[in-house]
2 protein chains.
Amino acid sequence: MNLRELSTLLGLSQTTVSRALNGYPEVKEATRLRVTAAADKHGYHPNTRARSLATGRAMTIGHVIPVSTKHEMLNPVFADFIAGAGEAYAEAGYDMILSLTPDDQQAGVYRKFAQKKSVDGIILHGPRMGDKRIDMLADLGLPFVVHGRVSDAAKPYAWVDVNNRRAFARAADFLIDLGHQRIALINGLEDMDFALRRREGFETALTARGLTPLPHLMASSEMTEIKGHAAAAAMLGGPNPPTAILTSSLISALGVRRAIEERGLTMGREVSVITHDDVLGYLPNGADVPIYTATKSSVRAAGQTAAKMLLDQINAPQSPLPTKLLEAELTVGQSTGPAPK
Amino acid sequence: MNLRELSTLLGLSQTTVSRALNGYPEVKEATRLRVTAAADKHGYHPNTRARSLATGRAMTIGHVIPVSTKHEMLNPVFADFIAGAGEAYAEAGYDMILSLTPDDQQAGVYRKFAQKKSVDGIILHGPRMGDKRIDMLADLGLPFVVHGRVSDAAKPYAWVDVNNRRAFARAADFLIDLGHQRIALINGLEDMDFALRRREGFETALTARGLTPLPHLMASSEMTEIKGHAAAAAMLGGPNPPTAILTSSLISALGVRRAIEERGLTMGREVSVITHDDVLGYLPNGADVPIYTATKSSVRAAGQTAAKMLLDQINAPQSPLPTKLLEAELTVGQSTGPAPK
DNA sequence: GGTGTCTTTCAAAGCGCTTTGGGTGAGGGG
DNA sequence: CCCCTCACCCAAAGCGCTTTGAAAGACACC
């Protein structure tokens, strides 16, 4: 069923039917009702491709997910972020197209998106230090919102980000208040912008309280159970082991806990652990009482606000570039306690 | 830059330019080179919407991801599956559109996809017992491939699935060979088709070897660390505790291990564990020597083959419906050992 | 009855591409 | 020299929709 068939069926012109369905005022209420009823009955939905060709709007948002060529790994937060964004799109009648792209082909993908006119806007994931994608996208004139920030971008841009610096500073402060002196940081890969900010927050808090960040108590690697375990095991087995550990993700924290228990220690007693928690649906941090003390910030919520911001940009291109800093909340669980005397 | 501009720039007709770019034989090799060079230089890519309107092919595949309305949870395997599928699409020049859809709105989404002509085919995720989506899609006449199977579908359909029954039977056999008698199953939610098959395989293997599957040693819940821990803790703390546990996912297995160690036991000695491992990128099971004995089957690879099957279906609609059963490999790690005397 | 103002409807153009159905000129055979 | 066949290129239709510009009808007012 297409517009022509529907209109001849109704004995009306395509114009009238189209206007009736799209809510234009030039059509009598009675006819509108007749039209919508018929459309419903025959399950008529306008052909997306024809419609976007005519309107110039794709009603589609592109997500470009970087796939590391080195590790072939997909950051598990994307799934939740996209779930959040998807809700916003569904509500606004937008579709989402996903492009898994190796690091080195990113630029081309954005250009193609712009030239093929297949999306009205883009969400940029996983920004890195000195990411050149931002300036490129700004030049393309395609609205976009970044999940995260790039510290040294030349042009202004729209973004949604967690206040990583403050979150990790607060977590460190909390541990220091508990009397901990040797605090370790098990961070994500520090070519990611968010990881850098976390370290900055961590170091700032320590020095502000008169402590010196110790190199042997700072690790940076992929955020997996294995790597978390390895880093923690090395630190706990080395000289001057930490009494507290800050971790960048719940998955690493699982490994850290394993390393602690392997040494016959108890998390929350001999060694305290605070983790950042992206609140992923399949990795709940405790049910009632949270197990891990954590800086919580829902990635899903971030996805939702990023999507809404992008849609706003698309509908009002002249408005100033929106930015949104999400604060993580520090929830206390059973993984922290006073420093052993 | 659009086709008209490009063609006047070259002093050729749109027809010739289009043909040159699309590899038709009616154009001299010299002109083709001239055309492609100009297209490259100006970064010309045909407008997707116009092209698909003209050809009738969307060059897009739809993935409908069910979002449980109850738990609001997104199965983490989707990310890896989609990464695999994405590779296949990128290679074939297809786009992927994602629709996160609450359970109860699935039907509508498929209908819309079909009517709006926005996709050429669909991949169906997370099939359940008695899933009605299959018959519906078959009626719509849109090519589709199911990730998983539906035991009681009325019509034939294309699918890719792991041989869950055999995988779990082999795992159980392996444990029985090691002398285990009280073997537990910590399964996923059993309204999912794959979970049911796993239980069938488990029970079949036990009875074939003269053992009786015990209700108190079979649990079924979401596959999270927390739930895995809870189920294992209950079993190990109850009467007639298991000496071996079969688990449906690596994430649950982490919880199971935690429960074991909490009781002062050692995984692989007092209690053996075998898990199914979907080989997710961010959850590697050991680096060199695998930690967990596991039935391994890469979800990413499944995504890739599913995507290829779908593209084949689209290009040759008359060919018989393809199906592909992937065998899981049983890799031995440190989490299993002979039954304690 | 003529004029003007709304309201309601329509015909047709246009979005950017592919594809059908020629057309033109060069080369070869009779 | 004429005709036929290729090789190469082009004009125009059509994909299904939105939107512009205009026409037709209804109504009121003078």
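This one's a predicted model, so the numbers in the text were calculated from it and none came from an experiment.
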Nearest-angstrom distance from the residue atom NZ of A:Lys117 to P of C:dC15: 12 Å
Non-hydrogen atoms of B:Val119 and B:Gly62 that approach each other most closely: CG1-N, 3.7 Å
Heavy-atom closest pair, residues B:Leu310 and B:Gly121: CD2-C, 4.0 Å
Side chain proximity check, B:Thr323 to B:Tyr157, heavy atoms < 4.5 angstrom: no
Lys/Arg-Asp/Glu bridge criterion (N-O < 4.0 Å) met for A:Arg128, A:Asp191: yes
Any A:Arg51 side-chain N or O less than 4.0 Å from OP1/OP2 of D:dT18: yes
Beyond-backbone contact of B:Pro143 with B:Asp120, side-chain heavy atoms, under 4.5 angstrom: no
Separation of C:dC15 P from B:Asn2 CG (nearest whole Å): 9 Å
Value in whole Å for how far the P atom of C:dC17 lies from CE of B:Met1: 11 Å
Whole-Å gap separating C1' (C:dT7) and CZ (A:Arg32): 13 Å
Proximity to DNA chain C (any heavy atom under 4.0 Å), residues of residues 33-44 of chain A only: none
Below 3.5 Å is the cut-off: list the nitrogen or oxygen pairs between protein and nucleotides 24-26 of chain D, distance only.
none

Residue-phosphate contact under 4.0 Å: A:Asn47 side-chain N/O, D:dC15 OP1/OP2: no
Sequence neighbours excluded - ring-ring contact (aromatic ring centres under 6.0 Å, His included) pairs with any residue from residues 86-139 of chain A: A:His63-A:Tyr89, A:His63-A:His125, A:Phe78-A:His125, A:Phe81-A:His125
Side chains of B:Leu321 and B:Gln313 in contact at under 4.5 Å (non-hydrogen atoms): yes
Rounded distance (Å) that lies between atom C1' of C:dG16 and atom CG of B:Asn22: 13 Å
Value in whole Å for how far the C1' atom of D:dC17 lies from CG of A:Leu3: 7 Å
Non-neighbouring partners of A:Asp193 that pass salt bridge (Lys or Arg N to Asp or Glu O under 4.0 Å), sequence neighbours left out: A:Arg197
Side chains of B:Gln106 and B:Lys132 in contact at under 4.5 Å (non-hydrogen atoms): no
ring-ring contact (aromatic ring centres under 6.0 Å, His included) partners of residues 5-59 of chain B, not counting sequence neighbours, each pair once: none
Gap between atoms CG and P, on B:Leu53 and D:dC17 respectively (whole Å): 9 Å
Close side-chain approach of B:Ile134 and B:Lys155, heavy atoms under 4.5 Å: no
Sugar-phosphate, base or nothing in reach of A:Ser18, heavy atoms under 4.0 Å: base
Heavy-atom protein contacts under 4.0 Å, nucleotides 8-14 of chain C, coded B base, S sugar-phosphate only, - none: SBBBB-B
Validation row: B:Leu100, A:Met96 side chains within 4.5 angstrom (heavy atoms): yes
Side-chain N or O of A:Tyr24 closer than 4.0 Å to phosphate OP1/OP2 of D:dT19: yes
Distance in angstrom units between B:Leu21 CG and C:dC17 P, rounded: 10 Å
